[in-house]
Peer 1: 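Here it is, the structure, as structure tokens.
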Amino acid sequence: MTIPHSSDLPAVKHHVSVLPDGLHFASNGVDSVLESGLRARVELPSSCRNGTCRECMCRLVSGKVRYRIDWPGLSADEKDEGWFLPCVAIAQSDLLIEQPFAQAR
């Protein structure tokens, strides 16, 4: 089975806004939030990119994501408090996230 490259898929656009600096980028609903940010030259902290190290952990202020993996490296309490891992999260709507260490490149 061949998995299509994200550029071959429909461009479903979700707008991602990053607090507190007001950075913005689009997500296609296929790539992770981290990958979408990097493509738009917005760098979020990251290390493992597989949902285990927690380096990229951000607050999801509003919006909806789904995960590439069944249970990313977050506790149930952390998820309930709005924390998410953008390296394995895919935007399902417009997002407002909080990541004070995000940078435009």
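It should be emphasised that the depicted structure is a prediction, and the values quoted were computed from it without experimental measurement. Note that these values count all heavy atoms, side chains included, but never hydrogens, waters or copies made by symmetry.
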Peer 1: Please round to the nearest 0.5 Å and tell me the distance separating atom CD of Glu81 and atom CG of Leu60.
Peer 2: 13.0 Å
Peer 1: Does Ser32 reach the main-chain N or O of Glu35 with its side chain, forming a donor-acceptor pair under 3.5 Å?
Peer 2: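 Side chain of Ser32 to backbone of Glu35: a pair is present.
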Peer 1: Considering residues at least two apart in sequence or located in another chain, which fulfil the side-chain contact (heavy atoms from CB on, under 4.5 Å) criterion with Ala26?
Peer 2: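 Counting only residues at least two positions away or on another chain, Ala26 forms a side-chain contact (heavy atoms from CB on, under 4.5 Å) with Lys13.
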Peer 1: Is there a path of hydrophobic side-chain contacts, each under 4.5 Å between heavy atoms of I/L/V/M/F/W/Y residues, joining Ile69 to Trp83?
Peer 2: yes
Peer 1: With rounding to the nearest 0.5 angstrom, report the OG to NE2 distance, Ser27 to His14.
Peer 2: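 One finds 6.5 Å between OG of Ser27 and NE2 of His14.
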Peer 1: Which atom names give the shortest non-hydrogen contact between Val18 and Gln99, and what distance separates them?
Peer 2: CG1-O, 3.9 Å
Peer 1: Throw together a table of side-chain donor-acceptor distances under 3.5 angstrom for residues 88-96, partners on residues two or more places apart or in other chains.
Peer 2:
unit_1: Ser93; atom_1: OG; unit_2: Lys64; atom_2: N; d: 2.8
unit_1: Asp94; atom_1: OD1; unit_2: His15; atom_2: N; d: 2.8

Peer 1: Under a 4.5 Å cut-off applied to non-hydrogen side-chain atoms, are Val33 and Phe25 in contact?
Peer 2: yes
Peer 1: List the atom of Ala102, the atom of Pro45, and the distance in Å for their closest heavy-atom pair.
Peer 2: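 Closest pair (atom of Ala102, atom of Pro45, distance): N-CD, 4.5 Å.
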Peer 1: Checking Arg41 now: which residues fulfil salt bridge (charged side-chain N to carboxylate O under 4.0 Å, His left out) with it, not counting sequence neighbours?
Peer 2: none
Peer 1: Hydrophobic cluster membership, with links at side-chain heavy-atom distances under 4.5 Å among I/L/V/M/F/W/Y: are Val16 and Leu19 in one?
Peer 2: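 No, it is not one cluster - the side chains of Val16 and Leu19 are not joined through contacts under 4.5 Å.
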Peer 1: If every non-hydrogen atom of Val30 is compared with every non-hydrogen atom of Asn28, which pair is closest and at what distance?
Peer 2: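 What the structure gives for the nearest pair is N-OD1, 2.8 Å.
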Peer 1: State, to 0.1 Å, how close Pro100 and Asp21 come at their nearest heavy-atom pair, and which atoms those are.
Peer 2: O-OD2, 4.3 Å
Peer 1: Go through the structure and list residues passing salt bridge (charged side-chain N to carboxylate O under 4.0 Å, His left out) with Glu43, not counting sequence neighbours.
Peer 2: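 Per chain and number, Glu43 pairs via salt bridge (charged side-chain N to carboxylate O under 4.0 Å, His left out) with Arg105.
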Peer 1: Please list every donor-acceptor pair under 3.5 Å in which a side-chain atom of residues 51-58 meets a protein atom from a residue at least two apart or in another chain.
Peer 2:
unit_1: Thr52; atom_1: OG1; unit_2: Asn50; atom_2: OD1; d: 2.8
unit_1: Arg54; atom_1: NH1; unit_2: Gly73; atom_2: O; d: 2.9
unit_1: Arg54; atom_1: NH1; unit_2: Glu78; atom_2: OE1; d: 2.8
unit_1: Arg54; atom_1: NH1; unit_2: Glu78; atom_2: OE2; d: 3.3
unit_1: Arg54; atom_1: NH2; unit_2: Glu78; atom_2: OE2; d: 2.7

Peer 1: Could you grab the distance from atom CG of Leu85 to atom CG of Leu44, nearest 0.5 Å is fine?
Peer 2: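 If we round to the nearest 0.5 Å, Leu85:CG and Leu44:CG are 11.5 Å apart.
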Peer 1: Atom CG in Leu38, atom SG in Cys87: separation rounded to 0.5 Å?
Peer 2: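 So the CG of Leu38 and the SG of Cys87 are separated by 11.0 Å.
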Peer 1: Any ring-ring contact (aromatic ring centres under 6.0 Å, His included) involving residues 47-67? Give me the pairs, sequence neighbours left out, ordered by first then second residue.
Peer 2: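 ring-ring contact (aromatic ring centres under 6.0 Å, His included) check on residues 47-67 returns no pairs.
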